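Just below is one structure, and these are the notes that go with it.
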Amino acid sequence: MRPLTYSRAWDVAGAIALATTSPASAFLAGGTTEVDLIRAGISGTGHLVDINDLPLTGIEDRPDGGLSIGALARMSDVARAPSVVRRFPAISRALLLGASEQLRNMASMGGNLRQRTRCAYLRDGVSPCNKREPGTGCAALDGLNRGHAILGTSKHCIATHPSDVAVALVAFDAVVHTVGPAGERAIAFDDFFLLPGDTPELEHPITHDELIVGIDVPGEPIARNSVYLKFRDRQSYEFALVSVAAAIEVDRGIVTDARLALGGVGTKPWRARRAEVALVGGPADEAAFRRAAALELAGAVTREHNAFKVELAQRAAVRGLNASLKGVMS
Ligand SMILES: Cc1cc2nc3c(=O)[nH]c(=O)nc-3n(C[C@H](O)[C@H](O)[C@H](O)COP(=O)(O)OP(=O)(O)OC[C@H]3O[C@@H](n4cnc5c(N)ncnc54)[C@H](O)[C@@H]3O)c2cc1C
Ligand code: SF4
């Protein structure tokens with residue numbers, strides 16, 4: 001049995017002060033990830049700081065047409081907020097395609113970003129896993145790796161980041177706001193997720209006592225026709241094999257702006273910047289979409305069971321771009 005202590009914070013400063021008292025502290029929001037990991041015996045948490053009384057549940061419109069989402073806003077509330085549905089349909093859809101209604105009612109946006117990979121070798125608590133126990137190896141490299149990543153991998157870890165909404169948020173240049181003992185920080189969404197490299201145990205550039213207080217999404221007219229598609233082994237209650245957030249702007253048949261991000265294939269929510277660059281200035285047609293998607297996937301590193309993701313991700317990207325284009329044209 002491992003001892004576990006619990007305290008409840010009433011304000012942001014208090015939450016940080018409580019977390020700072022022990023390096024084994026962790027914040028507790030909905031608990032849908034953290035409690036699972038503690039129960040499975042694979043979390044090092046020894047002290048839980050419950051943050052559910054903090055006033056961080058807002059979903060507000062920004063003057064530039066963007067959004068300010070509190071870290072404790074529940075996934076279901078964000079998914080159904082009228083301004084999210086209207087102006088950022090990909091964000092709403094990504095949330096609704098994640099988990100189940102009961103989980104979405106409990107799970108917070110801040111917790112969603114910090115959820116851990118679903119790699120079975122990390123979660124079984126005994127297999128070699130550099131993320132769980134640095135230096136022990138990676139059982140997935142030569143194991144069952146059908147669900148694992150093909151982009152952003154290293155020889156130390158090939159686990160995918162499982163969040164759906166993070167894929168939509170990275171496409172629209174969201175910013176994560178944190179407060180910690182050293183003060184406030186604004187972290188570009190893409191930088192909030194670290195590639196595994198030689199240190200897969202490090203997943204975010206924040207300290208254990210640094211609290212996510214909110215997520216800002218800048219106003220982006222292109223997002224109005226955005227789509228989020230998710231491909232998985234069963235239609236509900238399942239993580240993505242591949243997912244795509246896509247949005248396109250077109251003027252007289254030429255792409256003037258494009259956003260593309262992939263889930264289920266990267267060790268982090270994957271912004272497909274190479275594809276975006278290839279698309280802009282070219283024709284808005286399927287052949288161009290295919291070329292751009294192939295360019296993005298050219299850097300894929302596959303393993304025994306996950307090579308199928310290269311083709312699936314390309315098809316998903318093309319389908320996402322076509323779906324957004326249809327919205328632009330209608
Ligand atoms: C069966 C199941 C299916 C799921 N399916 C999907 C899916 O299809 N798609 C998907 O995207 N997700 C899925 N999830 C994951 C789910 O979305 C996350 O568990 C949830 O979003 C985590 O939020 P939470 O509030 O419960 O976090 P918690 O469990 O409370 O916390 C998670 C982690 O984040 C940290 N944390 C929480 N809040 C903050 C904060 N404000 N600042 C700093 N750190 C913080 C905690 O310390 C902890 O380490 C699934 C989960 C389950 C259990
Ligand atoms: S892929 Fe990453 S999380 Fe999975 S076993 Fe390897 S090191 Fe661990």
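Not measured: the values here are computed from a predicted model. Atoms within each ligand, like the ligands themselves, are counted from 1 in listed order.
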Subject >> salt bridge (Lys or Arg N to Asp or Glu O under 4.0 Å) assessment of Arg80 paired with Glu101 >> reply: CA-CA 12 Å; Arg80 297 207 163 81; Glu101 189 66 26; 3.1 Å; yes
Ligand-protein N/O pairs under 3.5 Å (ligand 1):
{"from": "ligand 1", "atom 1": "5 (N)", "to": "Ala99", "atom 2": "N", "distance (Å)": "3.3"}
{"from": "ligand 1", "atom 1": "8 (O)", "to": "Ala99", "atom 2": "N", "distance (Å)": "3.0"}
{"from": "ligand 1", "atom 1": "8 (O)", "to": "Asp164", "atom 2": "OD2", "distance (Å)": "3.4"}
{"from": "ligand 1", "atom 1": "8 (O)", "to": "Lys230", "atom 2": "NZ", "distance (Å)": "3.0"}
{"from": "ligand 1", "atom 1": "9 (N)", "to": "Asp164", "atom 2": "OD2", "distance (Å)": "2.7"}
{"from": "ligand 1", "atom 1": "11 (O)", "to": "Gln115", "atom 2": "NE2", "distance (Å)": "3.4"}
{"from": "ligand 1", "atom 1": "11 (O)", "to": "Asp164", "atom 2": "N", "distance (Å)": "2.9"}
{"from": "ligand 1", "atom 1": "12 (N)", "to": "Gln115", "atom 2": "NE2", "distance (Å)": "3.3"}
{"from": "ligand 1", "atom 1": "17 (O)", "to": "Asn112", "atom 2": "ND2", "distance (Å)": "3.4"}
{"from": "ligand 1", "atom 1": "19 (O)", "to": "Thr32", "atom 2": "OG1", "distance (Å)": "2.7"}
{"from": "ligand 1", "atom 1": "19 (O)", "to": "Thr33", "atom 2": "OG1", "distance (Å)": "2.6"}
{"from": "ligand 1", "atom 1": "21 (O)", "to": "Asn112", "atom 2": "N", "distance (Å)": "3.4"}
{"from": "ligand 1", "atom 1": "25 (O)", "to": "Gly30", "atom 2": "N", "distance (Å)": "2.8"}
{"from": "ligand 1", "atom 1": "25 (O)", "to": "Ser108", "atom 2": "N", "distance (Å)": "2.8"}
{"from": "ligand 1", "atom 1": "25 (O)", "to": "Ser108", "atom 2": "OG", "distance (Å)": "2.7"}
{"from": "ligand 1", "atom 1": "26 (O)", "to": "Gly31", "atom 2": "N", "distance (Å)": "3.1"}
{"from": "ligand 1", "atom 1": "26 (O)", "to": "Thr32", "atom 2": "N", "distance (Å)": "2.8"}
{"from": "ligand 1", "atom 1": "26 (O)", "to": "Thr32", "atom 2": "OG1", "distance (Å)": "2.6"}
{"from": "ligand 1", "atom 1": "29 (O)", "to": "Gly31", "atom 2": "N", "distance (Å)": "3.4"}
{"from": "ligand 1", "atom 1": "29 (O)", "to": "Thr32", "atom 2": "N", "distance (Å)": "3.2"}
{"from": "ligand 1", "atom 1": "29 (O)", "to": "Thr33", "atom 2": "N", "distance (Å)": "2.8"}
{"from": "ligand 1", "atom 1": "29 (O)", "to": "Glu34", "atom 2": "N", "distance (Å)": "2.8"}
{"from": "ligand 1", "atom 1": "30 (O)", "to": "Ala29", "atom 2": "N", "distance (Å)": "2.8"}
{"from": "ligand 1", "atom 1": "30 (O)", "to": "Gly30", "atom 2": "N", "distance (Å)": "3.3"}
{"from": "ligand 1", "atom 1": "30 (O)", "to": "Gly31", "atom 2": "N", "distance (Å)": "2.8"}
{"from": "ligand 1", "atom 1": "41 (N)", "to": "Ile212", "atom 2": "O", "distance (Å)": "3.0"}
{"from": "ligand 1", "atom 1": "42 (N)", "to": "Ile212", "atom 2": "N", "distance (Å)": "2.8"}
{"from": "ligand 1", "atom 1": "44 (N)", "to": "Arg114", "atom 2": "NH1", "distance (Å)": "3.3"}
{"from": "ligand 1", "atom 1": "47 (O)", "to": "Phe27", "atom 2": "N", "distance (Å)": "3.3"}
{"from": "ligand 1", "atom 1": "47 (O)", "to": "Phe27", "atom 2": "O", "distance (Å)": "2.6"}
{"from": "ligand 1", "atom 1": "49 (O)", "to": "Glu34", "atom 2": "OE1", "distance (Å)": "3.0"}

Subject >> Every N, O or S from the protein that is nearer than 2.8 Å to atom 6 (Fe) of ligand 2 >> reply: Cys138 SG
Original post:
Under 3.5 Å, is there a donor-acceptor pair linking the side chains of Asp61 and Ser83?
Top reply: yes
**OP:** Take atom CG of Asp142 as the centre, draw a 6.0 Å sphere, and report whether it contains more than 12 heavy atoms from other residues, nucleotides or ligands.
**Re:** no
Original post:
Can you tell which of Arg315, Gln314, Lys309 makes a side chain to side chain donor-acceptor pair (under 3.5 Å) with Glu311?
Top reply: Arg315
Original post:
Do Tyr228 and Leu260 share a hydrophobic cluster, counting only Ile, Leu, Val, Met, Phe, Trp and Tyr and linking them when any side-chain heavy atoms are less than 4.5 Å apart?
Top reply: no
Original post:
How many angstroms lie between CZ in Arg123 and SG in Cys129, if you round to the nearest 0.5 Å?
Top reply: 10.5 Å
Subject >> Backbone of Ala29 reached by a side-chain donor or acceptor of Asn52 within 3.5 Å >> reply: yes
Original post:
Residues two or more places apart in sequence or in another chain: which of them pass side-chain contact (heavy atoms from CB on, under 4.5 Å) with Ser43?
Top reply: Glu34, Leu37, Ile38, Thr45
Subject >> Sequence neighbours excluded, every pair satisfying ring pair (Phe, Tyr, Trp, His ring centres under 6.0 Å) that has a member inside residues 184-227 >> reply: His161-Phe193, Phe189-Phe193, Phe192-His204, Phe193-His204
